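Count residues from 1 along the sequence. These figures come from a predicted structure and were not determined experimentally.
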Amino acid sequence: MKLVIENAYIAPIAGPEIESGYVVVDGGLIEAVGSGAAPAGPDAQRIDGTGCLVTPGLVNTHHHLYQWATQGLYQDATLFEWLTGLYRLWARMDADVVYGAAAAGLGWMALTGCTTSTDHHYVFPKGRGDLFEAEVRAAHELGIRFHPCRGSMDRGQKDGGLPPDEVVEDRDEILSNTAETIDKYHDPSFGSMLRVAVAPCSPFSVSADLMTESATLARSMGVRLHTHLAETLDEEEHCKEQMGCTPVEYMEKLGWLGDDVWFAHAVHLHDKDIRRFAETGTGSAHCPSSNARLGAGIARVTDLLAAGAPVGLGVDGAASSELTSLAGEMRQAMLFQRAVHGPKALTARQALEIGTIGGARNLGRQDEIGTLEPGKLADIAMWRVDGFRSAVADPVCALVFGPQPPLARLLVGGRTVVENDELRTVAHDAVGRAGALARKRLARFEQEGR
């Protein structure tokens, strides 16, 4: 049965906005977008979009779902202080902790307008169950499009890295397990609900050999590459001291620039770095709330966009951006750029673009998601901009400038995942409880020393 959203304000990203229009969905795909009466038969399921803004579903391009279980800790720490304090706690998590945290984290993403989310999981303590499977299962149950990244760390403190030695893995084991994970889970087909990326953690926790071999593995298996980069000035000093160059120079030496790569944060970039990102098509995931929470700085989003480099949004882990809304990150991104560069630095529509098609480009899915166009996947968000918000003349302004509007409906491949601010694919209350239980379980492991 066809589904028709009608009488709504449509912001398709790919073309002019429509004041009173429709979107027709058939078989999980967008069939038509237009103004006036929808050209659908009498048997179609109709959704009245009066008072709603319809946009593409948001795309979250950087997350650490397991961190839902460690929110609110080290509230006034720098990144390195925060990591040092949390590594040993994360080393105690098991598959049940990861499942509960992922269910809550992805449920929260859906409730904030997200239809596609990545996850960067890079801590794999031995004997704690199948952590990767746990988050894949949570995403499948929720019905969100998922891009988990098989992360890794092989450079502990004894080798000059930041993480304690007990949370790093053997390089050969990492590469073998990563290849097995891709074989088991990665689905490259059009409309895929599950794709895997290769994601060594960061220059200060991963050896040069693992970085280069990970890139070789990813490219041989046709998947994308992701890592943290240039998040803090501490990282720049670390790279200069131990690698003799800046973080971006180091990545280029290792073969890590290209249109199959996107970096998390990319806060401290030099002019030449931005040029190289644009020349190579290298993407970045802007995480404004996390960068502010940890005092890391403000990414040069305006300069990256002006140069033509891909930029998407990410909420980062919930332990460094507690309960951050992906919709709210559009507002944060816009306001931070304006605080530095003035009120014309980033518009509401540019913020919406980096939250949708920008994220799709980071994930290599710009032909499938990120805009409302015939033939694309029906990943759609409907925001209520009536009531108090109706005083705002511009619906896109109401979405980006203010607090997140109520979410009337969220469709992933035409399937309703959220309706009237409640999850519909899973028990709404149970998801929140799963996240709380994950935190309690991890805290108990810490108390018992296991």
Side-chain angles (χ1 to χ4, degrees), residues 13 58-62 75-82 112 202 228-240 246-249 251 262-279 282-317 320-322 324-359 361-362 392 394 396-404:
I13 307 298
L58 304 183
V59 181
N60 177 30
T61 63
H62 187 63
Q75 295 177 20
D76 305 313
T78 65
L79 174 65
F80 278 19
E81 292 168 344
W82 178 87
T112 66
S202 65
H228 298 95
L229 193 72
E231 186 173 358
T232 67
L233 290 173
D234 288 343
E235 179 185 331
E236 173 129 346
E237 292 169 7
H238 178 90
C239 282
K240 286 181 175 178
T246 68
V248 174
E249 289 170 342
M251 288 293 101
W262 84 103
F263 294 120
H265 305 297
V267 175
H268 297 283
L269 299 181
H270 302 278
D271 290 346
K272 62 182 178 180
D273 301 333
I274 292 173
R275 287 196 299 271
R276 291 300 292 142
F277 276 26
E279 290 165 358
T282 303
S284 60
H286 179 39
C287 305
S289 292
S290 175
N291 294 155
R293 199 262 205 196
L294 295 168
I298 300 173
R300 296 175 61 183
V301 171
T302 299
D303 296 332
L304 285 162
L305 292 174
V311 179
L313 283 179
V315 298
D316 205 6
S320 65
S321 60
E322 284 78 356
T324 294
S325 153
L326 188 57
E329 289 299 74
M330 295 190 293
R331 181 174 187 259
Q332 294 286 72
M334 180 186 70
L335 294 182
F336 284 7
Q337 294 305 302
R338 290 178 175 215
V340 176
H341 302 294
K344 296 181 180 178
L346 196 71
T347 69
R349 283 160 177 81
Q350 285 177 305
L352 179 58
E353 285 175 12
I354 64 175
T356 53
I357 189 62
R361 290 191 182 106
N362 273 353
V392 182
D394 175 4
V396 176
C397 175
L399 170 62
V400 178
F401 272 71
Q404 178 188 317

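Of the possible donor and acceptor atoms, none in the side chain of Trp82 sits under 3.5 Å from a partner among the backbone N and O of Ser320. Remark: the backbone N or O of Val315 is paired with a side-chain donor or acceptor of Ser321 at under 3.5 angstrom. Distance alone, capped at 3.5 Å, is enough to place a donor-acceptor pair between the Glu235 side chain and the Ala230 backbone. Of the possible polar contacts, none joining the Thr356 side chain to the Leu58 backbone as a donor-acceptor pair under 3.5 Å is found. Judged by distance alone, the side chain of Asp273 and the main-chain N or O of His270 form a donor-acceptor pair under 3.5 Å.
Ring pair Phe80/His238 is perpendicular by interplanar angle, where above 60° counts as perpendicular and below 30° as parallel.
For the atom pair CE of Met251 and OG1 of Thr246, the computed distance is 10.0 Å after rounding to the nearest 0.5 Å. In this structure, Thr112 OG1 and Leu326 CG are separated by 5.0 Å, a value rounded to the nearest 0.5 Å. For the atom pair CZ (Arg276) and CD (Glu249), the distance works out to 11.0 Å, reported to the nearest 0.5 Å. Between the SG atom of Cys287 and the CD atom of Glu329 there is a distance of 7.0 Å, given to the nearest 0.5 Å. Rounded to the nearest 0.5 angstrom, Thr61 OG1 and Leu313 CG are separated by 6.5 Å. Here the NZ-CZ distance, from Lys272 to Phe277, works out to 12.5 Å after rounding to the nearest 0.5 Å.
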Quiz item: Going through the distances and angles, do Val248 and Thr282 end up as a side-chain contact (heavy atoms from CB on, under 4.5 Å)?
Solution: CA-CA 11 Å; Val248 174; Thr282 303; over 6 Å; no
Practice problem: Run the numbers on Leu352 and Met334 for side-chain contact (heavy atoms from CB on, under 4.5 Å), then give the verdict. | Solution: CA-CA 9 Å; Leu352 179 58; Met334 180 186 70; over 6 Å; no
Quiz item: Under the side-chain contact (heavy atoms from CB on, under 4.5 Å) criterion, do Asp394 and Phe401 qualify, and how do the steps go?
Solution: CA-CA 10 Å; Asp394 175 4; Phe401 272 71; over 6 Å; no
Exercise. Give the C-alpha distance, both sets of side-chain angles, the deciding distance and a yes or no for side-chain contact (heavy atoms from CB on, under 4.5 Å) between Thr324 and Arg293.
Key: CA-CA 11 Å; Thr324 294; Arg293 199 262 205 196; over 6 Å; no
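Considering every non-hydrogen atom in both Cys239 and Pro247, the closest pair reads SG-CG, 3.9 Å. For the pair Ser284 and Leu304, the tightest heavy-atom approach, listed with the atom from each and the gap, is OG-CD1, 3.7 Å. The minimum heavy-atom distance between Ala307 and Ile274, with the atom names listed, is CB-CG2, 3.7 Å. Summarising the geometry of Val267 relative to Ala296, their closest heavy-atom pair is CG1-O, 3.8 Å, with the distance given to 0.1 Å. Residues Asp316 and His265 share a closest heavy-atom pair of OD2-CE1, 3.2 Å. Nearest approach of Glu81 to Ala77, heavy atoms of both residues: OE1-CA, 3.4 Å.
At a threshold of 4.5 Å between non-hydrogen side-chain atoms, the residues Val59 and Arg361 do not count as touching.
The side chain to side chain contact (heavy atoms under 4.5 Å, CB included) test with Thr232 is passed by exactly one of Asn291, Leu79, Thr78: Leu79.
Residues Lys240 and Glu237 are not paired through a salt bridge, judged by the lack of any N-O separation under 4.0 Å between the basic side chain and the carboxylate.
Residue pairs that meet the side-chain hydrogen bond (donor to acceptor under 3.5 Å, both in side chains) test with at least one member in residues 333-343, sequence neighbours left out, are Thr302-Gln337.
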